Amino acid sequence: MTWEIGISRQAERFLKQHHLPDQFATESVRKAIQRLQGEAIAINIKRLFGKWKGCFRVRIDKNRIIFSIDFERHSALVEIIDNRGRAYK
């Protein structure tokens with residue numbers, strides 16, 4: 001089953017400023033979705049709470065990707081990509 005993965009403007013700006021391809025975010029989110037579906041994939045994923053309730057976070061080195069998932073529509077939205085200290089603000 002294919003998943004549609006969207007990227008917010010903030011996430012696009014981060015990728016552009018750091019000269020990273022879109023695949024930096026989309027591949028990480030795809031792996032996270034596979035992990036949530038029960039596959040054995042080595043990725044650091046965590047469910048968030050508080051302001052980010054309902055979202056998930058993937059850790060890649062010092063960067064964080066915060067995304068939301070709609071399992072019924074098979075879609076995900078990358079909300080934020082930022083450095084560790086600023087991602088949750």
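All of these numbers come straight from a predicted model, not from anything done at the bench.
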Problem - Test side-chain contact (heavy atoms from CB on, under 4.5 Å) applied to Ile69 and Phe56, step by step - result: CA-CA 8 Å; Ile69 297 178; Phe56 296 87; 4.1 Å; yes
Practice task
Apply the test salt bridge (charged side-chain N to carboxylate O under 4.0 Å, His left out) to residues Glu27 and Arg30: give CA-CA distance (whole Å), side-chain angles for both, the deciding distance (0.1 Å), then the verdict.
Solution key: CA-CA 5 Å; Glu27 287 305 312; Arg30 285 188 202 284; 3.8 Å; yes
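Between Lys16 and Arg13 the shortest side-chain heavy-atom distance does not fall below 4.5 Å. Side-chain contact check for Arg57 versus Asn44: some heavy-atom pair is nearer than 4.5 Å. Looking only at side-chain heavy atoms (C-beta outward), Phe14 and Asp82 come within less than 4.5 Å of each other. Put simply, the side chain of Ile7 reaches to within 4.5 Å of the side chain of Thr26, judged on heavy atoms.
Remark: the backbone N or O of Val78 is paired with a side-chain donor or acceptor of Ser8 at under 3.5 angstrom. Between the side chain of Gln34 and the main chain of Ile41, no donor-acceptor pair closer than 3.5 Å is present. No donor-acceptor distance shorter than 3.5 angstrom exists from the side chain of Ser75 to the backbone of Phe71, with no hydrogens or angles considered.
Interatomic distance, Arg64 CZ to Ile80 CD1, rounded to the nearest 0.5 Å: 13.5 Å. Rounding to the nearest 0.5 Å places CD of Glu79 at 6.0 Å from CH2 of Trp52. Distance check, rounded to the nearest 0.5 Å: CG of Leu77 to SG of Cys55 gives 8.5 Å. For the atom pair NE2 (His74) and CD (Glu4), the distance works out to 12.0 Å, reported to the nearest 0.5 Å. Here OG of Ser28 is found 5.0 Å from CD1 of Ile43. Values are rounded to the nearest 0.5 Å.
Taking each heavy atom of Pro21 and Leu15 in turn, the nearest pair found is O-CD2, 3.8 Å.
Residues passing the side chain to side chain donor-acceptor pair (under 3.5 Å) test with Asn63: none are found, sequence neighbours excluded.
Under the 4.5 Å side-chain heavy-atom criterion for grouping Ile, Leu, Val, Met, Phe, Trp and Tyr, Val29 is connected to Leu36 within one hydrophobic cluster.
Legend: salt bridge (charged side-chain N to carboxylate O under 4.0 Å, His left out) pairs involving residues 31-55, not counting sequence neighbours: none detected.
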